[in-house]
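First comes the structure, then the notes that go with it.
No experiment lies behind these values; they were computed from the predicted model shown.
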Number of protein chains: 2
Amino acid sequence: MIRRAVILSTGDELMTGRVVDTNSAYIAAKLYDLGVEVAAVLKVGDSKERLRWALEHGLALADLVLGTGGLGPTADDLTTEVVAEYLGVELKLDETTAQALKRRFEARGLPWTENNLKQALFPDGAEIVPNPIGSAPGFRVRTPDERWLLWLPGVPRELEAMMQATVLAWIAQASPGGGEISSGAFKIYGLTESKLDDLVKPLSLPPAAALSFRAHYPDLTLRLTIRGGQDRAAKFAQLTAEIRQILGAHIYGEGDVTLEEIVGKILAEKGWTLALAESCTGGYVGHRITRVAGSSAYFKSSCVCYANDAKVRFLGVKRATLEQHGAVSRETALEMAEGARREAGADIGLSITGIAGPSGGSAEKPVGTVWIAVAQEGRSEARAFHFQGDRERVILGASQAALNFLRTALLRP
Amino acid sequence: MIRRAVILSTGDELMTGRVVDTNSAYIAAKLYDLGVEVAAVLKVGDSKERLRWALEHGLALADLVLGTGGLGPTADDLTTEVVAEYLGVELKLDETTAQALKRRFEARGLPWTENNLKQALFPDGAEIVPNPIGSAPGFRVRTPDERWLLWLPGVPRELEAMMQATVLAWIAQASPGGGEISSGAFKIYGLTESKLDDLVKPLSLPPAAALSFRAHYPDLTLRLTIRGGQDRAAKFAQLTAEIRQILGAHIYGEGDVTLEEIVGKILAEKGWTLALAESCTGGYVGHRITRVAGSSAYFKSSCVCYANDAKVRFLGVKRATLEQHGAVSRETALEMAEGARREAGADIGLSITGIAGPSGGSAEKPVGTVWIAVAQEGRSEARAFHFQGDRERVILGASQAALNFLRTALLRP
């Protein structure tokens with residue numbers, strides 16, 4: 001039975017501050033949703049002595065130590081070796097993994113070096129945890145006193161894929177709720193984490209229910225989880241309805257969806273095509289739209305027109321508009337959106353023009369000022385937004401605002 | 001003498017994954033710069049038992065435990081109490097801090113409540129660490145066996161202000177010649193982590209030197225660090241030269257730089273302007289170029305032409321070329337780069353056209369096939385690349401290859 005876990009992140013880069021560890025927060029959130037208490041997070045560098053220390057103390061605190069990192073082929077990847085030593089077992093080559101690694105290298109035309117075989121070595125008795133998207137699998141192994149050690153690669157996307165593919169289901173089964181869980185995600189636009197917290201605080205939650213937040217700017221997710229219990233489904237439906245009532249239009253989607261997926265889905269359903277005109281976001285909105293598989297069905301083009309000349313040349317923005325109102329203005333945003341739509345022959349045009357900083361701001365138009373416009377047949381609209389923070393944050397915030405502005409325009413009857 | 005530290009972050013929000021802990025990476029980086037080794041990072045929730053556990057085990061590993069969080073006025077702020085208990089000393093009210101707190105409340109017109117006095121209680125014998133920007137100060141206290149406990153608030157900006165104001169200077173003085181470190185980063189293009197490891201393995205490293213790797217696809221960093229010693233500078237220079245010799249053109253930059261910053265720097269130095277034509281990367285290359293502050297000086301525009309129509313309309317690609325060779329071909333890539341350059345009036349044009357997947361591939365041109373071209377005055381060149389992995393990975397890989405192709409073209413005499 002897994003009631004309590006310790007998360008163990010390893011890597012010298014964590015000890016020197018070169019990397020912010022986001023894995024442990026991701027894992028903690030998932031364990032929390034499953035009703036598994038996180039007793040502690042431990043991080044140590046790539047040192048045998050420290051790894052051993054962490055293993056010992058982690059296992060003293062918890063039924064499961066979920067470790068990450070140190071599974072690669074290089075000399076500073078010590079995890080498997082230390083775990084085997086700690087358990088007093090041999091390392092054993094897994095032929096299936098070894099063959100898969102060799103095939104992977106062949107398929108990519110990469111020269112095979114013997115050190116890669118290290119990734120096919122596991123402590124004797126370990127079960128292999130498949131890695132659907134990377135080269136190094138993980139493993140889990142039972143200790144003599146019936147605790148679990150589970151190890152995953154430190155690369156966030158591989159770790160997350162493996163958690164989703166098999167690890168979470170396994171933990172759910174082994175946890176007190178026995179995997180009997182109702183869980184739903186609400187994707188939030190236009191609220192800070194603390195404002196969201198304030199809004200949902202009045203909800204009266206039964207003991208088996210938990211709300212958790214995950215802020216990953218510019219995205220914010222609220223998750224409702226109910227574990228075990230006979231009336232779980234009814235409670236879940238009721239709380240879901242209450243959350244929808246409270247948050248209303250701040251919910252842009254439900255489930256593990258992104259804003260660009262939602263926008264893409266609406267466009268595909270309408271059979272509409274989209275053209276973009278980006279200035280301060282520099283191509284980021286186009287990137288978000290096109291990272292969705294199948295987006296070529298509705299996405300025609302984006303003109304990233306940083307220079308004013310380019311706005312005139314590619315989008316037909318009038319020089320007089322730029323001179324009179326400036327590049328960051330309602331008028332320019334509207335002409336950009338209309339130009340993008342017209343020049344690309346698309347059904348709807350979206351434009352973003354603003355000041356990402358750090359320079360370029362003024363008293364009247366400070367850094368973070370962004371105009372966003374949408375142009376449709378017979379209707380155009382624009383709105384100003386103001387974002388705080390550094391250049392990257394303004395770009396991220398503006399991309400989110402633009403996609404949401406587009407979403408609401410698409411949904412309007 | 002402070003040679004080794006443990007960082008201790010506290011707070012229930014860290015155990016439920018609601019907050020990503022950036023403090024520990026910040027502190028680790030600062031300690032590393034001072035030559036203080038971080039033995040481990042421990043995180044526990046707001047629980048007396050766990051806090052005591054972390055204090056004990058932290059002090060067993062290090063000369064200094066630098067803790068954060070739990071200094072506020074509410075019931076779940078347990079730090080000071082637990083530390084005093086652990087040391088077997090009383091809590092003592094610091095009058096100066098108490099007066100400052102009351103004045104702070106008055107100045108802000110906030111009602112004073114007695115629980116705020118909790119923030120003026122410190123373990124007997126502690127020295128107060130001033131907080132220049134917030135209400136809760138920190139403290140440091142010596143343990144009977146001559147180790148240090150230092151505690152700061154968990155709010156990142158207060159913590160950082162306090163570190164800068166007094167804490168770092170104090171640690172530097174207490175450490176064995178802090179700052180005695182030579183460290184350098186090499187940014188790598190075109191090698192896998194294991195291939196990089198293979199290449200640098202023959203280097204003979206003195207005991208004080210360490211090589212570390214960081215793979216953050218599509219980026220790869222090799223770091224060389226040498227601590228202490230009189231001939232540190234000479235050794236560092238020698239090893240740096242050897243690394244340059246071994247890796248040659250695979251090093252695209254040295255120091256904490258990105259490929260887009262390097263490309264931007266070369267463009268700025270040449271006084272050249274850049275125009276892009278992106279297809280499969282959907283705007284991501286434009287985003288990378290423009291997330292560099294000051295990029296408006298050299299970046300003119302990017303045409304993200306997903307649809308063939310858009311390639312013809314905005315870039316002047318010939319319909320015959322598209323029909324005869326396809327959108328993903330040397331010919332189309334060249335016309336796109338030339339078109340981007342010509343239409344935007346830029347000095348250099350860069351194009352990317354490929355198949356990001358999951359659909360759209362064929363036997364002849366499988367998913368991951370990407371053509372990249374650069375057009376300059378009187379010279380154009382194109383090259384095919386093949387990337388493995390999912391859509392996101394192809395996009396990331398193609399963006400890196402495109403920026404590096406541009407970099408090498410810019411550097412060619």
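Here A/Thr113 is the residue among A/Asn308, A/Thr113, A/Ile27 with the most heavy-atom pairs under 4.5 Å with chain B. With respect to chain B, the highest number of heavy-atom pairs below 4.5 Å among A/Gly72, A/Ser301, A/Gly45 belongs to A/Ser301. Of the listed residues A/His57, A/Glu37, A/Glu13, A/Arg104, the one with more heavy-atom pairs under 4.5 angstrom with chain B than any other is A/His57. The choice from A/Leu42, A/Val6, A/Ile133 that makes the most heavy-atom pairs within less than 4.5 Å of chain B is A/Leu42. Counting heavy-atom pairs under 4.5 Å between each of B/Ala5, B/Ala29, B/Ser24, B/Ser183 and chain A puts B/Ala29 at the top. Most heavy-atom pairs under 4.5 Å with chain B: of the set A/Ser279, A/Ser296, A/Ala210, this distinction falls to A/Ser296. Between chain A and the options B/Gly283, B/Gly286, B/Ser302, B/Ala307, the largest number of non-hydrogen pairs under 4.5 Å is found for B/Ser302. Per-residue counts of heavy-atom pairs under 4.5 Å with chain B were compared for A/Ser295, A/Ser47, A/Gly11; the largest is that of A/Ser295.
For B/Lys311, no part lies under 4.5 angstrom from a heavy atom of chain A. Using a 4.5 Å cut-off between heavy atoms, A/Thr74 touches chain B through backbone and side chain atoms alike. Proximity to chain A (any heavy atom under 4.5 Å) is restricted, for B/Val292, to the backbone atoms N, CA, C and O. Both the backbone and the side chain of B/Ala40 come within less than 4.5 Å of a heavy atom in chain A. Heavy-atom distances place no part of B/Ala275 under 4.5 Å from chain A, backbone and side chain included. No part of A/Tyr298 comes within reach of chain B, as not one of its non-hydrogen atoms sits under 4.5 angstrom from that chain. Within the 4.5 angstrom heavy-atom criterion, only side-chain atoms of A/Arg50, from C-beta onward, approach chain B. Heavy atoms of B/Leu276 lying under 4.5 Å from chain A are absent altogether. Proximity to chain A involves both the backbone and the side chain of B/Thr16, based on heavy atoms less than 4.5 angstrom apart. For B/Tyr32, the part lying near chain A is the side chain, with the backbone staying farther off; criterion is any non-hydrogen pair under 4.5 Å. For A/Phe314, the parts lying under 4.5 angstrom from a heavy atom of chain B are both the backbone and the side chain. Heavy atoms of A/Arg157 lying under 4.5 Å from chain B belong exclusively to its side chain. Using a 4.5 Å cut-off between heavy atoms, A/Ile7 does not touch chain B at all.
Side-chain N/O atoms of A/Ser9 and A/Asp21 include a donor and acceptor closer than 3.5 Å. Under 3.5 Å, the side chains of B/Tyr284 and A/Thr290 contain no donor-acceptor pair of N or O atoms.
Nearest heavy atom pair, residue B/Thr369 against residue B/His386, reads OG1-ND1, 3.7 Å.
Distance check: B/Leu205 CG to B/Thr225 OG1 gives 10.5 Å after rounding to the nearest 0.5 Å. Atom CG of A/Asp46 sits about 9.0 Å away from atom CE of A/Met15, to the nearest 0.5 Å.
The neighbour count for B/Glu56 CD, taken as heavy atoms of other residues, nucleotides or ligands under 6.0 Å away, is above 12.
Contact annotation: the side chain of B/Leu8 approaches that of B/Val44 to within less than 4.5 Å [non-hydrogen atoms, C-beta and beyond].
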Set out, in order, the CA-CA distance, both residues' side-chain angles and the distance that settles salt bridge (Lys or Arg N to Asp or Glu O under 4.0 Å) for B/Arg291 and A/Asp390, then state yes or no.
CA-CA 11 Å; B/Arg291 73 182 168 196; A/Asp390 61 14; over 6 Å; no
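Under the 3.5 Å distance criterion, the side-chain polar atoms of A/Thr273 are left unmatched by any main-chain donor or acceptor of A/Phe299.
The existence of a salt bridge linking B/Arg223 and B/Asp256 is confirmed by a sub-4.0 Å separation between a basic side-chain nitrogen and an acidic carboxylate oxygen. Using a 4.0 Å cut-off between charged side-chain N and carboxylate O, B/Lys187 and B/Asp219 make a salt bridge.
In this structure, B/Arg393 is positioned above the aromatic face of B/Tyr217, its NZ or CZ under 6.0 Å from the six-membered ring centre and within 45° of the axis.
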